[in-house]
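Worksheet for the structure shown next.
By convention in this document, chain letters (A, B, ...) are assigned in the order of the sequence lines, proteins followed by strands, and residues within each chain are numbered from 1.
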Amino acid sequence: MGKFQKNSLRMDKAALVKFFKEVQDQFDIFLPYEIDKDDPDNLKLKKFQGNDDFVINKYRTIDPLKSLFYLSSESVLPPTAKEDKRIIAGVKNCDLLSLGVHDAALLEDNFVDPNFEKWRKNTYIISSDCDAALSTCHCNILGHKPYPNTSGEDKARFDLNLSLVDDNYLITVGSEKGQELLDLMKQVSEVDEPDNYLLNELERQHEEIDKKLEQINEEFSPDRDVSVVSKVKDGEVWEELCEECVQCGGCTNICPSCYCIIVNDESIDDNFKRIRTWDSCQLSGYARVAGGESPRDRLWERFRNRYQCKFDFIKQNFSQYGCKGCGRCISVCPAEIDLREVIKALQEV
Amino acid sequence: MSHPNPYDVQKAEILDVIEESPQIKTFQLKLEKPLEFETGQFVELSVPGVGEAPFTPSSSHYQKEEIEVSIMKTGFVTEKIHEAQKGDIFGIRGPYGKGYPLDKFKDRDILLLGGGVGLAPLRCLLQTLIHDIDDYKSITVCFGAKTPQDMIYKDQVDDWKSYDKIHHLCTVDKCKPEDNWQGCTGVVTVLLDDIEIDPKDAVAIVCGPPIMMKFGTFSLLDKGFKEENIYLSMEKKMYCGFGECRHCVMGGYYACKDGPVFSYDKIKDVEKIWE
């Protein structure tokens with residue numbers, strides 16, 4: 001993918017809105033919109049509403065990207081993913097990286113999930129850089145940036161990336177599909193080349209957001225040793241850490257990289273569908289077999305499992321961590337359990 | 001390019017149902033197309049509209065079009081499976097997981113240690129071993145059950161015993177005088193006191209309830225079996241069978257993909273393997 005040049009083109013917001021308007025008959029377009037002025041964690045993916053109210057910059061949405069690729073419940077027999085082409089715009093790097101976990105697990109391993117494959121194939125991802133951060137954001141301490149890596153071997157899995165600088169979008173093409181989008185953009189909107197000022201300004205913005213994340217997470221060391229999740233086996237330590245957990249499973253449902261499912265049949269008259277539905281390892285019945293045995297009967301064992309899965313098991317399976325630092329599990333937790341604090345506490349044992 | 005749907009099933013018609021015990025039935029199934037499986041691999045069997053559950057066939061992999069599956073009634077799906085009659089249709093997909101490493105068993109003494117419905121996969125193995133019996137030094141079968149009524153495959157014991165290389169031992173946890181039980185009483189590990197093979201180079205294959213697997217493994221180690229020669233069938237919750245649902249994850253392993261059979265040396269450091 002080295003042939004695509006980084007930030008080589010520019011368009012303004014009016015041109016982008018014009019593009020979405022022109023192609024909304026060809027694509028289902030999803031964009032982040034603000035849903036609540038009082039809470040900063042207020043961006044939600046919604047269908048394009050025909051105006052310029054969407055927010056492509058800022059930070060991640062409340063809903064994880066997986067909710068559009070690996071639906072909370074969908075039929076696998078027969079598979080029901082739609083053929084319609086989609087554009088999802090404003091996707092942040094934490095979600096792109098999490099999509100990488102799903103690609104590894106659901107496409108590139110020993111089987112291919114039929115729905116995920118189809119959604120993935122028909123979707124064009126327009127990612128964008130974070131230029132702000134929530135107090136829960138912590139991609140930096142996992143070694144990631146709040147903007148996609150746009151070049152090299154470990155280039156992020158976007159089709160187009162837009163970096164917002166002073167009302168201008170700097171465009172990077174990331175794939176053939178991205179090139180396809182760009183060609184469409186050029187047909188309906190004005191696309192030209194950015195000047196040096198914008199390129200320098202983008203660099204300054206990146207430095208600024210990097211620094212901001214460092215400040216937010218200054219208590220948490222960037223080279224923290226996450227292997228503590230498996231090394232610390234003392235139940236009392238874990239019990240204390242999950243004392244407030246109400247076992248709602250919100251952390252796993254909202255996690256963009258969690259993909260555990262149950263498979264059930266649903267009868268419809270004389271016919272049936274086989275449905276896969278998100279499951280949560282935090283729930284007590286998760287690993288229980290028909291005979292009644294469960295390897296994780298106690299809450300602290302299930303609580304620990306989530307940390308081990310993210311920072312040990314997924315790493316063993318797919319050579320990457322199952323947490324990309326989006327912080328949604330922290331925001332959603334009714335008990336205000338902070339993953340960063342948990343790991344810090346384990347490191348101090 | 002579209003890939004095959006891993007959830008697709010083929011039809012399996014029930015040719016016959018054998019009542020093995022009050023809780024266990026063996027279903028003889030005729031498949032639409034041959035199931036290319038290896039001994040020790042498992043399938044997902046489904047009652048359409050009810051759901052699926054994983055089972056290891058109890059017949060040898062030399063039978064590919066008509067297979068047998070012995071199933072204990074333990075939960076929602078197995079209860080519905082037990083209600084099925086001759087002529088009914090199940091769905092079947094697979095095979096999944098890895099088979100027993102039969103190559104490593106060649107020219108060695110083999111011990112099968114099983115309890116309850118754990119005898120089902122072991123009978124698949126036993127039938128495969130019998131098919132190629134010249135390849136193996138000896139086969140010792142140690143089977144246990146709760147009561148004489150719970151002991152399955154009783155009608156096949158005479159056939160197994162007719163082979164010089166097969167030594168068959170069995171025990172029940174308890175029995176009543178009216179059961180007329182001729183075998184041992186006590187948990188299955190008591191049979192290990194009577195085996196006549198040299199454990200240093202022998203292989204043991206263990207399948208049964210978790211508690212039996214645990215004490216069976218410890219007894220085998222005490223006897224002098226090597227960790228890498230003890231093979232365990234791990235019973236974990238599985239929905240998909242191929243690594244998507246993650247319910248069977250044991251540390252870095254999946255019971256479905258990397259197992260369901262593991263040698264003890266591979267998993268002994270994984271937490272909670274016996275639960």
Do the side chains of [Y] and [X] get nearer than 4.5 Å, heavy atoms only?
X       : Y       : result
N317(A) : K257(B) : no
R274(A) : V9(B)   : yes
I262(A) : H247(B) : yes

Nearest 0.5 Å, what's the [atom1]-[atom2] distance between [X] and [Y]?
X       : Y       : atom1 : atom2 : result
L107(A) : H3(B)   : CG    : NE2   : 8.0 Å
D265(A) : S46(B)  : CG    : OG    : 6.5 Å
E271(B) : E301(A) : CD    : CD    : 9.0 Å
R246(B) : Y286(A) : CZ    : OH    : 7.0 Å

Among residues 76-87 of chain A, those lying within the under-4.5 Å heavy-atom range of chain B are V76(A), L77(A), P79(A)
Could you tell me which residues in residues 108-116 of chain A have at least one non-hydrogen atom under 4.5 Å from a non-hydrogen atom of chain B, sorted by residue number? D109(A), N110(A), F111(A), V112(A), D113(A), P114(A)
Heavy-atom contact with chain A under 4.5 Å, split by part of P48(B): both
Side chain from CB out, backbone as N, CA, C, O: work out which of these in P209(B) comes under 4.5 Å of a heavy atom of chain A, or both, or neither. neither
Go through [options] and name the one with the most non-hydrogen pairs under 4.5 angstrom from chain B.
options                            : value
A290(A), P295(A), A287(A)          : P295(A)
K315(A), K118(A), R288(A), K273(A) : R288(A)
N264(A), D279(A), N305(A)          : D279(A)
L106(A), D312(A), V263(A)          : V263(A)
A105(A), C260(A), S230(A)          : C260(A)

Which bit of [X] is near chain B, if near means a heavy-atom gap under 4.5 Å: side chain, backbone, both or neither?
X       : value
D270(A) : neither
C281(A) : neither
I314(A) : both
K233(A) : side chain

Do you know which of Y253(B), F242(B), W274(B) has the most heavy-atom pairs with chain A at a distance under 4.5 angstrom? F242(B)
[X], [atom1] atom: more than 12 neighbouring heavy atoms under 6.0 Å:
X       : atom1 : answer
E19(B)  : CD    : no
K146(B) : NZ    : no
K177(A) : NZ    : yes
E32(B)  : CD    : yes
K174(B) : NZ    : no

Residues two or more places apart in sequence or in another chain: which of them pass salt bridge (charged side-chain N to carboxylate O under 4.0 Å, His left out) with K30(B)? none
Part of residues 70-77 of chain B lying next to chain A, heavy-atom separation under 4.5 Å: T74(B), G75(B)
Looking at K237(B) and V289(A), would you say the former's side chain and the latter's main chain have a donor-acceptor pair under 3.5 Å? no
